[in-house]
Amino acid sequence: MPRRFHDAEELLPPATFTKRALAIIYDGLISIAVLLVATWVYTMIAGWIVGWERYEQMAEAGQLSGDPGLTFMLFLVLYLFFAYFWTRIGQTLGMQVWRIRIENLDGTSVSWTQALLRYGTAAAVIFIAMLAGYYVGPVTLLLTIPAIIALFLPINGLSVTDRTSNSVVVQVSREAKKKKL
């Protein structure tokens, strides 16, 4: 059941690009820590299953480079991390600091499907940018950096991720935050 953050008639102002960018940087640092822990857990489990001597030999031979199992697991862990916060309280830790929240237009929390659409859209654009940078070279940064910025840049209050997931990122006032405490 979706959580109601405020009345449907109450409209909150859209979050600015600056606040969105700062929250993304903050959440990016937290994501690095989450990915490090997830990689450690994956390595411990894989080493235990394969055997530590064999796993060490595989690592030294370069057979573990580009492990699709690890890649999928990290992609899934990040989705679960973001979707959990977005569907429960509408805010990741970085969004809480900058007082912005993801919600539906009627003031309810987003669904897991909407979170997947947001996450998938952002991941696809970033993946394409990284792929272009790898195959074409650093010159593509002239095209890919603006594409990544456009992904999160709100035009008329909505970014590309907002439009694909049919949700909005709004600014939460200090008074509204104090009321909930």
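Numbers here simply count residues along the sequence, with the first being 1.
Between the side chain of Thr108 and the main chain of Asn104, no donor-acceptor pair closer than 3.5 Å is present.
A continuous path of Ile, Leu, Val, Met, Phe, Trp and Tyr side chains, each step under 4.5 Å between heavy atoms, connects Ile49 with Trp40, placing both in one hydrophobic cluster. Taking hydrophobic clusters as Ile, Leu, Val, Met, Phe, Trp and Tyr residues chained together by side-chain heavy-atom distances below 4.5 Å, Leu117 does not share a cluster with Val125. Follow the hydrophobic side-chain contacts under 4.5 Å out from Ile102 and you never reach Leu12; the two are in separate clusters. Leu105 and Ile100 fall into different hydrophobic clusters, where Ile, Leu, Val, Met, Phe, Trp and Tyr side chains are chained together by heavy-atom contacts under 4.5 Å. Cluster annotation: Phe72 is connected to Val77 through the hydrophobic network of ILVMFWY side chains, with a link wherever side-chain heavy atoms come within less than 4.5 Å.
Of all heavy-atom pairs between Arg99 and Lys19, the closest is NH2-NZ, 4.1 Å. Counting all heavy atoms, side chain and backbone alike, Phe82 lies closest to Ser31 at CZ-OG, 3.4 Å.
Dense packing is recorded around CZ of Phe17, with more than 12 heavy atoms of other residues, nucleotides or ligands lying under 6.0 Å away. For Trp52, the CH2 atom sits in a packed shell: over 12 heavy atoms of surrounding residues, nucleotides or ligands are nearer than 6.0 Å.
Cation-pi contact between Arg101 and Phe5: present, with separation from the ring centre below 6.0 Å and deviation from the ring axis of at most 45°.
Atom CG of residue Leu74 and atom OG1 of residue Thr39 lie 4.5 Å apart, to the nearest 0.5 angstrom. Considering CG of Asp162 and OG1 of Thr164, their distance stands at 8.0 Å, rounded to 0.5 Å. Between Tyr42 atom OH and Leu35 atom CG the span is 14.0 Å, to the nearest 0.5 Å. We find the CE-CG distance between Met73 and Leu78 to be 10.0 Å, quoted to the nearest 0.5 Å. Note that the CG atom of Leu76 and the OH atom of Tyr119 stand 8.0 Å from one another [nearest 0.5 Å]. The line from OH of Tyr55 to CD1 of Ile45 is 10.5 Å long, rounded to the nearest 0.5 Å.
Inter-residue side-chain proximity for Thr121 and Ser165 is flagged as unmet; no heavy-atom pair is nearer than 4.5 Å. With contacts defined as side-chain heavy-atom distances shorter than 4.5 Å, the pair Leu80/Trp112 qualifies. Put simply, the side chain of Leu158 reaches to within 4.5 Å of the side chain of Val168, judged on heavy atoms. Using a 4.5 Å cut-off on side-chain heavy atoms (C-beta onward), Gln96 and Val172 make no contact. Inter-residue side-chain proximity for Gln114 and Arg118 is flagged as unmet; no heavy-atom pair is nearer than 4.5 Å.
Put simply, the residue from Trp86, Phe85, Tyr26 that forms a side-chain contact (heavy atoms from CB on, under 4.5 Å) with Met95 is Trp86.
Side chains of Thr18 and Thr16: no donor on one and acceptor on the other come within 3.5 Å.
For Asp27, there are no salt bridge (charged side-chain N to carboxylate O under 4.0 Å, His left out) partners, not counting sequence neighbours.
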